[in-house]
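For reference, the structure discussed in these notes is given below.
Below, chain A is the first sequence line, B the second, and so on; all start at residue 1.
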2 protein chains.
Amino acid sequence: MNTAKGARARARTEITAAIKDAARRQLAAEGAAKLSLRAVARELGMVSSALYRYFPSRDDLLTALIIDAYDSLGEAAEAAKAAGAAEAAHGAVAGAEPLERWTAVCEAVRGWALAHPHEYALIYGSPVPGYTAPETTVPSAARVGLLLIGITRDAHEREALTAPPLPADLCEEAERMRADLAPDLPPEVVAALVAAWAQLFGLVGFEVFGQFHRVVEDRAPFFRHAAVRLAHGVGLRS
Amino acid sequence: MNTAKGARARARTEITAAIKDAARRQLAAEGAAKLSLRAVARELGMVSSALYRYFPSRDDLLTALIIDAYDSLGEAAEAAKAAGAAEAAHGAVAGAEPLERWTAVCEAVRGWALAHPHEYALIYGSPVPGYTAPETTVPSAARVGLLLIGITRDAHEREALTAPPLPADLCEEAERMRADLAPDLPPEVVAALVAAWAQLFGLVGFEVFGQFHRVVEDRAPFFRHAAVRLAHGVGLRS
DNA sequence: GTCTATAACGAGATAGAC
DNA sequence: GTCTATCTCGTTATAGAC
């Protein structure tokens, strides 16, 4: 009984994974807008109606791919943060640690995006027409942001961070963001952090989507320096 | 003779414009990946083969839409720069002028993007599968960047700009970018400028594509402050 | 010469009967 | 689950209207 149940569940997860793999291939070839259950089924030698046992609609398959992509990126970023922490523990100045973790996370985001451009486009590119992501994607989508908040919080605990003062018309919103995201950080730092988060993906997106073509050639050092300067803007010092 | 020629040319430009308008509507409804000549023709009461008198292929129509979008954005940004310059001429400190023009351009980019989200997605969103933009798009695509370079150059002529020193592994690339983009600016400033350019579109893209949903609510002052801080990063002072 | 319409091709998607 | 009839698409060749 257990074995039967286990085998059934195993088969189900295997087929689910195969479906998502085929869908990711279609994503790369045709784009998210043209993702069709039929094409996925054809590639797997199944019939389209069989897919509905695993994903009730095309949008649900899309949602699963989006969550997987956010999680894959989040895992890469979290692994880089942990590795950066370990690296910093080995040597050097203790105060440099948060900045090293920050840049490690940024470079992990870039590396993941360059390795998975189509999944990057799925989550940070143009919205898919006719599709709106459900709330279930939010926890996965938040992972990189939470990571950056955590690094900033660690740095703030060691040594109080500062950022330039806010204009009057931004104070209320900054307080609101602070209450939502990081009550233990100063509002200017929270505002700077959210901006840095968006700007990080601006740098990554420009590289992945080809806007740096014939503008920036040696991109790794360019990106690293920009990531360090993003950290400085949040108050992290070297 | 002249009138006949003129009428013909007028009709041609009118129909060309009508085709592009219909295509833009389809862009908004279905996305760039699903742009189809037949649907455009249907909407105009024409037959698909007739469109080939105006656009030799579907990709050429896409290219025309991309160039139009870049030019529309570029014109909005250039108008804002001119208006910012005029505004600054009226009053206030002379040294504040470049920063005001910088933020005016950034806010014009944001305003245009929010007013034309689908065209923004076409030029700064996910690449269209199976399509690669020809070199003819480059001049239009460069307009906003050139505008920011121009503002920075003006500021540098008044008062030498500085940016933090570059790491050794970025010096060569920064010199290359400087030679290509702005030989009269210091290499650190050029590197900071290119990064700021990408980061600007990170901020705009996050807002247009909905990443700020439930994160940033009062977005105009948030963006304005971030744009000012981008300018600071390039060396522009208030 | 300039344009539009008809018809067709090969490829792919889709809906429904079986 | 299978098969078929009917759609869509980009693109071309061709013929005729202005």
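Ring orientation note: the planes of B:Tyr124 and A:Phe206 are close to parallel, at an angle under 30° on the 30°/60° scale.
OP1 or OP2 of C:dA5 has not a single side-chain nitrogen or oxygen of B:Ser49 nearer than 4.0 Å. At the phosphate of D:dC9, neither OP1 nor OP2 sits under 4.0 Å from any side-chain N or O atom of B:Arg58. The phosphate of C:dT4 has OP1 or OP2 within less than 4.0 Å of a side-chain N or O from B:Tyr54. A close approach under 4.0 Å does not occur between any side-chain nitrogen or oxygen of B:Arg42 and OP1 or OP2 of D:dC7.
In this structure, CZ in A:Arg24 is found 13.5 Å from NE2 in A:His118, a value given to the nearest 0.5 Å.
A:Ala50 comes within 4.0 angstrom of the backbone, heavy atoms only, and of no base. Residue-level contact check: B:Leu51 touches neither bases nor backbone, having no heavy atom under 4.0 Å from any strand. Counting any heavy atom pair closer than 4.0 Å across all strands shown, B:Phe55 reaches no nucleic acid atom. B:Ser57 comes within 4.0 angstrom of the backbone, heavy atoms only, and of no base. Here B:Ile15 lies in heavy-atom contact (under 4.0 Å) with sugar-phosphate atoms only. Residue contacts for B:Arg53: at a heavy-atom cut-off of 4.0 Å it reaches a base atom on one of the strands shown.
Side-chain contact check for A:Phe222 versus B:Met177: some heavy-atom pair is nearer than 4.5 Å.
A straight line from CZ of A:Arg38 to C1' of C:dA15 spans 8 Å, rounded to a whole angstrom. Separating the CD atom of A:Glu30 from the P atom of D:dC9 is a distance of 15 Å, rounded to the nearest angstrom. Remark: C1' of C:dA13 and CD of A:Glu43 are 16 Å apart, rounded to the nearest angstrom. The separation between B:Tyr52 atom OH and D:dA13 atom C1' is 13 Å, rounded to whole Å.
Each of A:Gln26 and B:Ser48 was matched to the nucleotide of DNA chain C holding its nearest heavy atom; the match closer to the 5' end belongs to B:Ser48.
Defined by atom type and a distance below 3.5 Å, a donor-acceptor pair is missing between the side-chain atoms of A:Thr63 and A:Asp60.
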Pair B:Asp21-B:Arg25, salt bridge (charged side-chain N to carboxylate O under 4.0 Å, His left out): steps then yes or no: CA-CA 6 Å; B:Asp21 280 349; B:Arg25 276 190 294 275; 5.4 Å; no
